[in-house]
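Each remark here refers to the structure printed beneath this line.
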Protein chains: 2
Amino acid sequence: MKEGPDITLLGSLIGDPARANMLTALMSGKALTASELAAEAGITLQTTSAHLGKLEGGGLIRQRKQGRHRYFTLADDDVGGLLETMMGLAAKKGHTRTRTGPRAPALRKARVCYNHLAGELGVQMYDSLLARGFLQEQADEDLLILSDQGRDFVADLGIDISPLNQSRRPLCKSCLDWSARRSHLAGSLGTALLEHFYHKGWAKRVEGQRIVEFSRPGEVSFQKLFPLIEC
Amino acid sequence: MKEGPDITLLGSLIGDPARANMLTALMSGKALTASELAAEAGITLQTTSAHLGKLEGGGLIRQRKQGRHRYFTLADDDVGGLLETMMGLAAKKGHTRTRTGPRAPALRKARVCYNHLAGELGVQMYDSLLARGFLQEQADEDLLILSDQGRDFVADLGIDISPLNQSRRPLCKSCLDWSARRSHLAGSLGTALLEHFYHKGWAKRVEGQRIVEFSRPGEVSFQKLFPLIEC
DNA sequence: TTCATGCTTCGACAATAGACGAAGTGTGTT
DNA sequence: AACACACTTCGTCTATTGTCGAAGCATGAA
């Protein structure tokens, strides 16, 4: 009768408070167990299980069994992107949560977006890579091209992109930021860079939050590596 | 307690079947009355009124009173963009409507996306404008720059962009396509161009559908105006 | 084997909210 | 003024579904 894709299922899945809490928790990129998600959403384990079943049925999350644990993650980058988009519109329309806590500034500065760096520092990194010609935007897609110089740049950091290139997941993608309404770097390279910052000890995750906290010397190094360049 | 914007309201608004029907109907870009939307969703007028109130409260739609009629439209381009994004993910995850009718190919070829042209022809137009340097993408936003040559190009078509420039609405924006997963042109210039095609008699809307039907000579003219150019 | 842990399934309850009939408001037409 | 039309508001009913307690499966440890 009617043509085209059906939005209803996606909407109703995201529309439930408990499920929305779980999804935003998973935006941290960490794989979480059912129990952790239950605590996050403030509901019992049985209810959580039902929700997880529905989310998986709708293709929003995936589960990996590992021993007697089951780890849940967002299904793919597209889901993360949709959630980020919705957060952007929600913020714009003034649908904010009960009270914007004192952590809001830290969250705007640097946070995890599913599995890569977002916030002001994320945007800065993106701009810097672009301005120096390491990354190039394409005309018609949100896929990005890593130039030869860019390849050298990440190689100097000690990041080997050859295994990343073989995976089906795109290497470089742009992702829109809800706070800044500007793009930052997603894709497997985005993930690798964030891992690099952790590994170098420049930054660490705040427990249970999406906030990424840079140490003082860590941020200095970051600023040196990704300087802001005027056009 | 919790930080950041709240997705729940948006999700639940979109998650109801009746409201989803109305919203997709409004994706046609036409301003519709409550009665028309009621017919579209297959519910009574009272129920429709309640839904419209909620949609307006959530910032998804706007109404303009005009005599004893009230015309409803999507609130802004962002809402259209979100719906298009969700359609993309829904299509990818296989959440299709009951039966994809025979009109699906026509819909993929050319359709209205809120108020501008989408589908294969929309993507072609976008690519052609970009390849000839009439449009330029920016590094960090989905806003586009209309070059001087581009300005001349649209002026030759008889489109006066000076009033468009004064409005708060952006002149050129890129919008992602659910069928092609590539960008097409949104913004007030996108709207003006679609109007131009209607006015020239190249294309017309299929009644009650999002399909844009090009006449044979109309498509020829379109192809001549927006040729595909190899990089 | 026995026990503990992590999660799922079943069944029942309760709250939400979507649906419509009936009546009310406001605007334009005659 | 009287009427028609477009829509809103009110009240009520119904169905959905989110919720939890209790029991049932797995997996790993003792």
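Numbered from 1 within each chain, the chains take letters A, B, ... in sequence-line order.
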* Can a donor-acceptor pair be found between the side chains of A:Thr191 and A:Ser188 at a distance below 3.5 Å? ->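 A:Thr191 vs A:Ser188: no donor-acceptor pair found between side chains.
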
Measure [atom1]/[X] against [atom2]/[N] and give the value in whole Å, please.
X: B:Arg64; N: C:dT27; atom1: CZ; atom2: C1'; answer: 18 Å
X: A:Tyr71; N: C:dC7; atom1: OH; atom2: P; answer: 9 Å
X: A:Gln63; N: D:dT27; atom1: CD; atom2: P; answer: 13 Å
X: B:Asn21; N: C:dG18; atom1: CG; atom2: C1'; answer: 14 Å
X: A:Met22; N: D:dT19; atom1: CE; atom2: C1'; answer: 12 Å
X: A:Leu37; N: C:dG6; atom1: CG; atom2: C1'; answer: 13 Å
X: A:Glu36; N: C:dT5; atom1: CD; atom2: C1'; answer: 14 Å
X: A:Asp16; N: D:dG18; atom1: CG; atom2: C1'; answer: 7 Å

* Partners passing ring pair (Phe, Tyr, Trp, His ring centres under 6.0 Å) against B:His51 (at least two apart in sequence or in another chain) -> none

Counting heavy atoms from C-beta on, name the nucleotide in [options] closest to the side chain of [X].
X: B:Thr33; options: C:dC20, D:dC7, C:dT8; answer: D:dC7
X: B:Thr44; options: D:dC20, C:dT8, C:dG21; answer: C:dG21
X: B:Ala34; options: D:dT8, D:dC20, C:dC7; answer: D:dT8

* Which atoms form the tightest heavy-atom contact between B:Ala90 and A:Leu10, and what is the distance? -> N-CD1, 3.8 Å

* **Residues A:Lys173, A:Asp77: salt bridge by 4.0 Å N-O rule** => no

* Salt bridge present between A:Arg19 and A:Glu40 (N-O < 4.0 angstrom) -> no

* To do: Test A:Lys93 against every option in B:Asp78, B:Asp76, B:Asp6 by the salt bridge (Lys or Arg N to Asp or Glu O under 4.0 Å) rule and name the one that passes.
  => B:Asp76

* To do: Give, ordered by number, those residues of residues 45-58 of chain B having at least one heavy-atom distance below 4.0 Å to an atom of DNA chain C; if nothing qualifies, reply none.
  => B:Gln46, B:Thr47, B:His51, B:Lys54

* Asked: For C:dG18, does either OP1 or OP2 sit under 4.0 Å from a side-chain N or O belonging to B:Arg19?
  -> yes

* Can you check whether A:Thr33's main-chain N or O pairs, donor with acceptor, with A:Glu36's side chain at less than 3.5 Å? -> yes

